[in-house]
Student: 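Got a structure for you, written out below as structure tokens; questions coming shortly.
First listed ligand is number 1; within each ligand, the first listed atom is number 1.
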Amino acid sequence: MIVNMKRSASADEIEHVIDRIKECGFQAHVVRGEERTIIGAVGSSGRRSEIEALRAAPGVADVIQISHPFKLVSRQLRSECTVVDVAGVKVGGGDVVIIAGPCSVESREQLLETARSVKASGATMLRGGAYKPRTSPYDFQGLGVEALRFLKEASDETGLPIVTEVMSEADVEDVAQYADMLQVGARNMQNFSLLRKLATVPKPILLKRGPSATVKEWLLAAEYLLAGGNHDVVLCERGIKTFETATRNTLDLAAVALVKELSHLPVLADPSHGTGLRSLVGPMSKAAIAVGADGLIIEVHPCPERALSDGPQSLDLPGFESLMKELGREPVRDVKAA
Ligand code: PEP
Ligand code: MN
């Protein structure tokens, strides 16, 4: 349930409502908007009728039921868009954020070359997998902590914040030490113990949509992070499984537009995994921006034919540069000075 306070509500009146929500057995989540304060009463075992009775409390404008099963991520609780600050880059703040880099960190040279080039082309963040979720156990699994160190070095040199996937609870501490943003991969979207652990980490989370997850399941996965205390969550549509096999996945851009309606959290699109085909990355990047995506995450490799993972969907360095020009990005001339 949501308690909407009047614009004129005093600090004492707000405090009183928070205390009553807690006394009734709910968690109180306070959203201080520009115009008014909204307080969410969240939980399953509280005394609902007493929250409804708060309509009569001083300073309260209204008490309403949140109609969706997800509460804290809902736009009903917070109408303003959330802006997530990733080491100074604002995600959801109006500018389209472009995250680029290789699927896997393969070597120091490969990563630094890519980082310098995508920075010069106008990317705002760097991606690169250190721990790789591979379908086959015989495929390249990632360089682990060594890759995290290369990512940090690339970030220090270029100034680009880094996002990288954390696959297991056991690696959370290591990844959080190096990364500016922790990615929950599609296969782990409903790994609830991982989500609970990440809810306690003081770093933003990029939560990818599971290949077979509904929008409701995706938003409920995000709810785990917010309910556990981490409000810095960015969602990412990366394509879902459908009957279509011509593309690797089906990039569900309707879901991007829908989630922007349902939730206040920023939403990115991943046209690389969403299509699996290099030639479609540009068109789907433009389409994602057109439907309101707050940013893109794009795989880029200096030599895609030699990539240890996801070469067919990776842009090469000139290909990324041309796409950035088509998207109206200004090239950055002096990488070190930028
Ligand atoms: C990735 O970003 O490299 C990745 C493995 O993505 P996903 O979890 O969406 O498959
Ligand atoms: Mn990949």
Student: With distance as the sole criterion, is a donor-acceptor pair present between the side chains of S193 and N191 under 3.5 Å?
Tutor: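 There is such a pair (donor and acceptor under 3.5 Å, judged by atom type) between the side chains of S193 and N191.
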Student: Quick check: A186 and ligand 1, any N/O pair under 3.5 Å apart?
Tutor: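 There is such a contact, yes.
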Student: In the structure I gave you, are the side-chain heavy atoms of E15 and S10 within less than 4.5 Å of one another anywhere?
Tutor: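 Side chain of E15 against side chain of S10, heavy atoms only: no contact under 4.5 Å found.
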Student: At a 4.0 Å threshold, what atoms of ligand 1 neighbour a non-hydrogen atom of G185?
Tutor: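 Answer for ligand 1: 8 (O).
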Student: For the Mn ion (ligand 2), find the closest N/O/S atom belonging to D310 and write down its atom name.
Tutor: OD2
Student: Given R209, R238, R134, which has its nearest heavy atom closest to atom 9 (O) of ligand 1?
Tutor: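 Of the listed residues, R238 has the closest heavy atom.
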Student: Hey, does L327 have a side-chain heavy atom less than 4.5 Å from the side chain of I98?
Tutor: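 Answer yes - side chains close enough.
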Student: Quick one: does Q183 get an N or O within less than 3.5 Å of an N or O on ligand 1?
Tutor: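 Between Q183 and ligand 1, an N or O pair is found under 3.5 Å apart.
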Student: List the atom of V83, the atom of G92, and the distance in Å for their closest heavy-atom pair.
Tutor: CG2-O, 3.7 Å
Student: Could you tell me the angle subtended at the Mn ion (ligand 2) by OE2 of E299 and NE2 of H273, rounded to 10°?
Tutor: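 For OE2 of E299 and NE2 of H273, the angle centred on the Mn ion (ligand 2) reads 90°.
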Student: Can you tell me how far CD of E237 sits from CZ of R209, rounded to the nearest 0.5 angstrom?
Tutor: 5.0 Å
Student: Judging by distance only, is a nitrogen or oxygen of R127 under 3.5 angstrom from one on ligand 1?
Tutor: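 Yes, since at least one N or O of R127 sits under 3.5 Å from an N or O of ligand 1.
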Student: Nearest to atom 6 (O) of ligand 1, what protein heavy atom do you find, and at what distance?
Tutor: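 The protein heavy atom lying closest is K208 NZ, 2.9 Å.
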Student: Do K203 and D232 touch side chain to side chain, with heavy atoms closer than 4.5 Å?
Tutor: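 When only atoms from C-beta onward are counted, D232 and K203 do not touch, as no gap falls below 4.5 Å.
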Student: What protein heavy atom sits nearest atom 1 (C) of ligand 1, and how far away is it?
Tutor: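 For atom 1 (C) of ligand 1, the nearest protein heavy atom comes out as H273 CE1, 3.2 Å.
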Student: Could you tell me which atoms of ligand 1, counted from 1 in the order shown, lie closer than 4.0 angstrom to a heavy atom of E299?
Tutor: 3 (O)
Student: Are side-chain heavy atoms of N230 and L198 found at a separation under 4.5 Å?
Tutor: no
